[in-house]
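Comments concern the structure below.
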Amino acid sequence: MMPGKVLNVSVAHLSATVLLFSLLVGLSALIGLERQPRQFRTDPPVAAALNQLRLMPSGIGGAPPEIYFALDRPYEASAYDLSQGKRLYSWFGCASCHGDGRGGAGPSLLDGWWSYGPSVVAIAASIRDGRPRGMPAFHNRMTTDQIWQLAGYVKTIGAYSASLAAPSRNDDKHTRPAENRAPAAILFHEDLPAQPRSEQGPPP
Amino acid sequence: MTEDRKQSSLMDDGLDDAELDWHLLKSWETPRGIWKVIATVDHKIIARRYIVTAFVFLILGGMLAVAMRIQLARPEARILDPDRYNQIFTMHGSTMMFLFAVPVMQAMALYLVPLMVGTRNIAFPRLNAFSYWIILAGGLLLWISFALDAAPDIGWFAYVPLSGPEYGSGKRADIWAQMITFTELSALAVAVEIVVTVFKQRAPGMSLDRIPLLVWSMLVMAFIVIMAMPAIVFASSTLILDRLVETQFYNPAAGGDALLWQHLFWFFGHPEVYIIFLPAAGMVSTIVATFSRRAIFGYLPLVMAFIATGILAFGLWVHHMFVVGLPRLGESFFTASSMAIAVPAGIQIFCWLATLWLGRPVFATPLLFVIGFIVTFVIGGLTGVMVASVPFDTQVHDTYFVVAHFHYVLVGGAVFPLLGAIYYWFPKMTGRMMSERLGRWAFGLIFVGFNLTFFPMHILGLLGMPRRVYTYQPDLPWGGLNLFISLSALLLVSGFLVFLIDVLVAWRSGEPAGPNPWKAATLEWATSSPPPAYNFRRIPVVDARDPLWRYPEELAVTAGLRVDRRELIVSSVVEALPEARESSPRDSIWPFWAAIATSIMLIGSIFTPWAVVWGSIPIAVTLVGWFWPKGTAEDIS
């Protein structure tokens with residue numbers, strides 16, 4: 001047996017393996033840097049910029065603030081923000097009017113019919129400033145971050161195409177399938193936009 | 001068995017030593033070349049890989065600990081954000097428990113058990129190769145997810161509902177659960193190999209009462225693994241089912257039970273502590289005997305204490321759950337059982353002390369680490385008895401007191417003996433001695449650094465500092481102690497650096513060791529350092545507990561094994577009477593491919609349940625390749 005020779009071979013193999021390992025982890029770190037970090041508190045200047053919603057004069061539709069695109073459309077694409085939005089949906093009592101999403105005293109959020117347009121900025125504006133005929137304003141009760149998280153969640157549950165990112169089911173009794181199952185419209189056979197309800201007054 | 005096959009085979013009895021070595025090497029050696037090396041089933045090569053991999057994970061986990069200490073050194077630090085901190089403490093715990101502590105202890109068994117019982121390879125050597133690739137894949141999964149900023153952030157125990165579908169958003173908890181699956185697979189595979197090797201492959205004459213204590217401890221550890229791991233297999237599988245296919249195991253609203261998780265996890269998690277500690281106890285017993293220059297005091301009580309620890313280990317998991325609200329009887333029972341485990345631990349400590357007392361101890365580096373172990377482990381054991389009491393535990397639960405306690409038990413009880421064991425067996429594994437001078441420095445720095453780092457955490461805990469917080473406010477009375485702890489941690493790190501330097505230098509250019517540098521008594525020292533691929537030229541015959549002390553000149557050996565193929569002796573369970581000549585599997589690349597196919601299936605199942613269906617096809621293909629009949633007789637009795 002020649003210990004020296006055998007060892008040098010195994011040292012070479014080991015260092016090659018360690019090198020490969022660090023290469024793999026390093027490569028994924030590069031990808032990881034490109035991913036959106038999970039932030040528990042948005043930087044105040046970013047939050048202030050996100051609060052600059054620009055709506056059309058009618059209040060229907062609008063353009064998100066510049067920073068929304070600079071951040072690469074946050075709040076709609078990360079499972080964390082969506083499940084935070086889902087939590088806010090129950091914490092702030094959205095269900096008391098909108099039910100499990102299928103509507104009640106308020107309109108349904110799953111039928112694909114958006115009274116103020118399907119853009120996330122319109123939904124955020126509805127939550128922040130309220131809307132006529134019963135939708136309260138939440139700007140005194142929620143942070144800008146939370147408003148956007150909730151808006152992102154509300155937008156995805158009513159989407160027609162399944163998204164890669166979705167919150168999962170709650171540990172509750174279920175009245176509807178989880179958001180990550182499939183597009184809402186297929187699940188509830190609500191393929192036609194619901195008719196505007198007369199008790200809500202004329203459509204805007 | 002036919003007569004002419006016997007005629008054509010080459011037996012070892014008519015050959016002289018040089019011829020015999022040549023033939024054995026030809027049958028057992030791993031040839032050169034990358035594919036040959038991947039295909040190897042030599043237990044020593046695989047164990048060495050395991051050990052190096054585990055130490056790489058120790059370094060990585062240690063770096064995470066340093067990152068946490070830097071963040072906590074002063075109040076309101078902004079070095080790590082809370083999300084990263086959550087990932088880091090989860091990664092630290094998971095890496096240290098699942099990717100370092102358990103694999104490294106099993107790896108020491110993989111290396112030492114076949115040598116200590118006097119056989120030529122571990123039982124099921126291809127399964128052994130498979131287990132290594134599997135744990136490597138699990139480690140890569142966890143660490144690549146960390147680099148991708150998608151690492152688990154749920155603690156190393158992943159309590160539901162935090163890890164469940166409602167609160168554990170993203171794929172983080174799924175990655176944790178499947179990483180656990182990888183480590184379960186590998187640990188169970190190794191445990192089965194150890195049990196079979198110890199029971200059926202011992203050298204003739206090594207009856208149960210002559211097994212070295214390290215082998216006893218590894219045997220008990222293997223049984224604990226076999227009985228504890230199924231609980232976590234069930235737990236991690238049901239967690240991922242809850243998350244992936246909407247089962248409701250942990251959903252109270254649908255008839256599930258969130259506490260079920262804690263029971264399952266700790267039914268595994270508490271024995272896990274002994275999975276790590278028992279091998280260390282075996283190492284301590286070996287080192288103490290060698291350096292006291294006498295046989296171990298109380299062989300029988302020690303073996304009984306190992307077995308008692310292994311049995312009691314399953315009766316005290318609920319003490320991790322004292323604050324969930326238990327019936328009074330449950331609290332009393334688990335308090336009593338938690339304190340009862342101190343009895344076998346005490347027996348072990350006193351046996352080791354008596355051995356030292358009655359012998360003429362030589363305070364070489366391995367023994368220094370054992371002394372460090374006894375001191376730290378006793379402190380950890382004392383705080384263990386404290387937190388076993390419900391009122392005290394209710395007060396300090398989830399504070400740094402508990403952090404201090406389990407670091408004393410785990411680092412004191414496992415890492416100190418392990419480092420001692422590395423110093424002790426390094427000459428056997430590499431043929432070279434580590435430096436005694438650097439060893440003393442490493443021991444001193446690690447021992448002082450460890451105590452200065454972790455002892456103040458007891459006080460922090462009593463001052464009310466909770467675990468798993470990423471920062472604390474400046475007006476809380478914790479700042480000074482935290483800064484002190486962080487500075488002491490640097491001392492601890494420097495100790496580990498000295499150790500690593502010592503390993504690397506010794507590996508390259510240490511003094512040649514010779515077969516038995518410590519004048520030890522067990523069989524692994526009866527062969528050259530490093531051992532040849534076939535371990536022993538001739539399988540020894542054993543009639544004593546300390547064969548090399550009883551027969552320092554020459555050991556009795558067996559003859560009659562074939563040398564033109566891999567063959568070893570199968571012996572009876574109790575008395576180790578030779579029963580059969582058994583062929584040992586040749587190298588095979590299939591375990592490697594099977595591990596890759598299994599990894600693809602497991603990682604795919606994080607994303608879709610269909611991965612289990614389609615992923616099982618490549619696994620089946622690789623298993624067919626693995627088990628393809630060879631056309632040679634397996635055993636000849």
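So you know, we letter chains A, B, ... as the sequences are listed, proteins then strands, and number each from 1.
- For B:Phe146, no part sits under 4.5 Å from any heavy atom of chain A, backbone or side chain.
- Using a 4.0 Å cut-off between charged nitrogen and carboxylate oxygen, B:Asp242 and A:Arg169 count as a salt-bridge pair.
- A:Ser168 is listed as a side-chain neighbour of B:Glu246, based on a closest heavy-atom distance under 4.5 Å.
- In terms of non-hydrogen atom pairs under 4.5 Å with chain A, the most contact-rich of B:Pro512, B:Ala253, B:Gly170, B:Gly139 is B:Ala253.
- Here A:Arg38 pairs with B:Asp153 in a salt bridge; the nearest charged N to carboxylate O distance falls below 4.0 Å.
- In this structure, the separation between CG on A:Asp171 and CD on B:Glu166 is 5.0 Å, given to the nearest 0.5 Å.
- When heavy atoms are compared at a cutoff of 4.5 Å, A:Phe40 approaches chain B solely by way of its side chain, counted from C-beta outward.
- Residue B:Ala258 does not touch chain A at all, counting heavy-atom pairs closer than 4.5 Å.
- With values rounded to the nearest 0.5 angstrom, B:Ser169 atom OG is found 7.0 Å from A:Arg87 atom CZ.
- Of the listed residues B:Val56, B:Leu140, B:Asp81, B:Leu136, the one with more heavy-atom pairs under 4.5 angstrom with chain A than any other is B:Leu140.
- Counting heavy-atom pairs closer than 4.5 Å to chain A, the top residue among B:Arg84, B:Arg49, B:Arg172 is B:Arg172.
- B:Leu60 touches chain A through its side chain: at least one heavy atom from C-beta onward sits under 4.5 Å away, while N, CA, C and O do not.
- Note that CG of B:Asp149 is 12.5 Å distant from CD1 of A:Ile31, once rounded to the nearest 0.5 Å.
- The candidate from A:Ser28, A:Gly32, A:Ala79 with the greatest count of non-hydrogen atom pairs under 4.5 Å with chain B is A:Ser28.
- A pairwise comparison of heavy atoms in A:Asn170 and B:Asn251 identifies O-ND2, 4.1 Å as the closest pair.
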